[in-house]
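Just below is one structure, and these are the notes that go with it.
Please read all numbers here as calculations on a predicted model, not as lab measurements.
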Amino acid sequence: MKILAAIDLSRASGYVIEAVHRVAIATDAEVFVLHVVTPMPGITGPDFPPVSEHMELAERYLDEQEQLAELVLQLVDAEINATALLKQGEPVKAILNEAERLDVELIVAGSHGHGPLFEALVGSVSAGILRKSPVPVLVVPVREL
């Protein structure tokens with residue numbers, strides 16, 4: 001079995017990793033832990049941002065990559081075959097593209113529990129994945145944030 005765990009590096013990510021750990025142990029699954037980042041702006045053209053913005057974004061990417069690696073290491077230490085993935089793009093689209101590319105059988109994501117009105121007005125990554133995923137989705141509720 002292959003599992004894609006979609007995390008945002010918030011405190012909810014720990015709950016997602018815990019749930020993935022349980023499922024992976026029970027099914028001897030291969031796990032891919034994906035974090036999607038905002039795309040880096042282009043480096044040419046009329047809307048070229050200052051170099052300082054590129055440097056700040058690059059530093060943020062490095063920090064997020066380290067946080068992602070720490071979470072994946074928790075799974076690896078538990079003898080789970082886990083791989084870290086850092087992708088740029090719009091989260092729902094990137095998650096679904098990776099799920100298809102990797103041919104996963106389950107997507108696991110967290111839900112911050114903002115409620116139905118918030119979900120209807122703003123939407124969420126979890127809700128977007130649920131609506132569009134061709135494979136089962138396990139949504140881990142995170143209400144104590």
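Across all non-hydrogen atoms, the minimal contact from Gln67 to Asp63 is NE2-OD2, 2.8 Å. Considering every non-hydrogen atom in both Val16 and Ala5, the closest pair reads CG1-CB, 4.2 Å. Counting all heavy atoms, side chain and backbone alike, Ala109 lies closest to Ile129 at CB-CD1, 4.3 Å. Across every non-hydrogen atom of Val36 and Gly89, the tightest pair is CG1-O, 3.2 Å. A pairwise comparison of heavy atoms in Ala84 and Val72 identifies CB-CG2, 3.6 Å as the closest pair.
Using modelled atom types, no side-chain atom of Ser111 and backbone atom of Val140 make a donor-acceptor pair closer than 3.5 Å. A donor-acceptor pair is defined here as one N or O able to donate and one able to accept, closer than 3.5 Å; no such pair exists between the side chain of Glu30 and the backbone of Lys2.
Here NZ of Lys132 is found 12.5 Å from CD1 of Ile107. Values are rounded to the nearest 0.5 Å. Taken to the nearest 0.5 Å, the CG atom of Leu4 stands 9.5 Å off from the CZ atom of Arg101. For the atom pair CG (Leu102) and CG (Leu85), the distance works out to 6.0 Å, reported to the nearest 0.5 Å. For the atom pair His35 NE2 and Asp8 CG, the distance stands at 7.5 Å (nearest 0.5 Å). With rounding to the nearest 0.5 Å, the separation of OG in Ser126 from CD1 in Ile95 is 8.0 Å. In this structure, CD in Glu64 is found 5.5 Å from CG in Leu9, a value given to the nearest 0.5 Å.
Using a 4.5 Å cut-off on side-chain heavy atoms (C-beta onward), Leu106 and Val23 make contact. Between Ser13 and Leu71 the shortest side-chain heavy-atom distance falls below 4.5 Å. The side-chain heavy atoms of Val33 and Leu68, taken from C-beta on, include a pair separated by under 4.5 Å. Between Val37 and Tyr61, the closest side-chain pair of non-hydrogen atoms falls below 4.5 Å.
Pairs engaging residues 14-29 under the salt bridge (Lys or Arg N to Asp or Glu O under 4.0 Å) rule: Glu18-Arg22 [sequence neighbours left out].
For Glu100, the CD atom counts as loosely surrounded, since its 6.0 Å shell holds 12 or fewer non-hydrogen atoms of other residues, nucleotides or ligands.
Under the rule for a salt bridge (Lys or Arg N to Asp or Glu O under 4.0 Å), the partners of Lys87 that lie at least two apart in sequence or sit in another chain are Glu98.
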Can you give the donor-acceptor pairs under 3.5 Å from side chains of residues 73-83 to other protein atoms, not counting sequence neighbours?
none

